[in-house]
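Read through the structure below, which is laid out as structure tokens, and then see the notes.
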Amino acid sequence: MVKVATWNVNSINARLPNATAWIQQAKPDVLLLQEIKCEADKFPLLEIQALGYHCAIHGQKSYNGVAILSRDPLEITQEGLPGDPDDQQARYLEARTAGIRVASIYLPNGNPVDTPKFQYKLDWMDRLKVHAATLLKTEEAIILGGDYNCIPEPRDCYDPKAWAGDALFKPQTREALREIVALGYYEAFREIHPQRVAYSFWDYQARAWDADHGIRIDHLLLSPQAVDLLEDCDIDREPRGQPKASDHTPVWCTLAA
DNA sequence: ATGGTCGGCCTCCGA
């Protein structure tokens, strides 16, 4: 059995106690991290290694940054999303480990929508679609996990009307995610829980956590070879209720292997 | 309720 989780930690250094506690309790074999908000030399490598994990880091100062932790050694297969040599933002890291291929994805937020940030998001999703199609041809068990900054459907949001104009819920954003899935991927949470309402992000503001005003934007996309092995998937709300929590909480799945 | 959330950081920007 291989347990793979994704978690936007909103700074790995600010979140180290929370991340350590969750790793020791949840014991993922592979953990995909987003928004580590540091370069590799500022990553708490020794602390993570002490928990028994290898680390692959694609860092950036102050913003973005992704990493992959694994009980097994990691072979990096892609650092940075292909398709735009001018893109300097650290939002994609891919590796082989634990007998599968995984990617840690921090998809651009895209707000405000009347600025170039939204077009950057849509362009980034186009590039991800191209790369995701290439990956499918390997016929490997693949998990593309991360913060997709996309609310797939109205039921994935506590108040769809309140989010109607937001980059996370714009029709173009949702269409772009559907196109990626339609290449031949399976969204793990919906495979296991076709009807369930659950969230993975609650804003720090306006008592969103206390009111359960959440959205589901952290996803695990599985190739056909991976979904054949899929046993379980869930969102662990517990870390979001802890002191000094990230605004996201981990999403995990297990594969028979 | 004269405040209102975080983290990183060239005291504001990004989320």
Side-chain angles (χ1 to χ4, degrees), chain A residues 6-22 32-45 47-48 57-67 80-81 86-92 104-125 128 145-152 156-160 162-170 172-174 176-177 199-219 235 237-251:
Chain A
T6 180
W7 193 7
N8 178 325
V9 288
N10 186 18
S11 169
I12 186 59
N13 284 301
R15 216 63 61 210
L16 191 55
N18 308 56
T20 298
W22 188 75
L32 312 170
L33 296 176
Q34 300 88 38
E35 274 205 278
I36 62 170
K37 287 190 169 178
C38 64
E39 293 182 316
D41 63 346
K42 295 286 200 299
F43 188 90
L45 191 61
E47 290 87 341
I48 300 297
I57 301 156
H58 182 45
Q60 182 179 334
K61 190 180 179 183
S62 305
Y63 304 112
N64 311 316
V66 287
L81 184 65
D86 294 330
D87 186 0
Q88 299 299 311
Q89 300 188 28
R91 296 178 174 277
Y92 187 92
S104 182
I105 293 171
Y106 179 44
L107 210 141
N109 177 292
N111 283 304
V113 294
D114 59 352
T115 70
K117 289 171 183 284
F118 188 52
Q119 191 57 50
Y120 173 70
K121 175 178 197 158
L122 296 177
D123 291 344
W124 206 94
M125 294 183 87
L128 180 59
D147 176 2
Y148 278 75
N149 268 316
C150 178
I151 303 165
D156 298 311
C157 178
Y158 75 97
D159 184 3
W163 286 76
D166 195 281
L168 279 62
F169 196 53
K170 277 284 199 182
Q172 299 101 304
T173 304
R174 296 166 56 198
L177 180 59
Y199 308 129
S200 66
F201 168 92
W202 297 258
D203 200 286
Y204 285 126
Q205 301 181 65
R207 301 181 69 247
W209 168 249
D210 294 324
D212 199 22
H213 288 175
I215 56 177
R216 197 173 67 88
I217 58 175
D218 299 271
H219 309 301
I235 302 173
R237 292 170 58 102
E238 190 270 341
R240 185 61 182 83
Q242 294 298 311
K244 294 277 288 176
S246 169
D247 40 8
H248 295 251
T249 213
V251 183

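When reading the values below, keep in mind they use all heavy atoms of this one structure, side chains included, and skip hydrogens, waters and symmetry mates. Convention: sequence-line order gives letters A, B, ...; per-chain numbering from 1.
Between A:His213 and A:Tyr158, the angle of the ring planes stays under 30°, which puts this pair in the parallel group of the 30/60° scheme.
Glycosidic conformation of B:dC10: syn, with the torsion inside 90° of 0.
If you measure from atom NZ of A:Lys42 to atom P of B:dG7, you get 18 Å, rounded to the nearest angstrom. What separates CD of A:Gln242 from P of B:dC6 is a distance of 15 Å, to the nearest Å.
The C1' atoms of B:dT2 and B:dC6 are separated by 23 Å, rounded to the nearest whole Å. For B:dC9 and B:dG14, the C1' atoms lie 12 Å apart once the distance is rounded to whole Å.
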Nucleotide-resolved protein contact map, nucleotides 8-15 of chain B, B/S/- at heavy-atom distance under 4.0 Å:
SS----SS

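Residues meeting the side chain to side chain donor-acceptor pair (under 3.5 Å) test with A:Arg237, sequence neighbours left out: A:Asp212. Scored by the ring pair (Phe, Tyr, Trp, His ring centres under 6.0 Å) test, A:Phe201 finds A:His248 as partners (sequence neighbours excluded).
Geometrically, A:Arg91 engages A:Tyr106 in a cation-pi contact defined by less than 6.0 Å to the ring centre and at most 45° from the axis.
Within the 4.5 Å cutoff, no side-chain heavy atoms of A:Ile217 are placed close to those of A:Cys150.
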One pair to check against side-chain hydrogen bond (donor to acceptor under 3.5 Å, both in side chains): A:Gln34 and A:Ser104. What are the steps and the verdict?
CA-CA 7 Å; A:Gln34 300 88 38; A:Ser104 182; 3.2 Å; yes

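When the side-chain nitrogen and oxygen atoms of A:Arg15 are compared with OP1 and OP2 of B:dG7, one or more of them lie within a distance under 4.0 Å.
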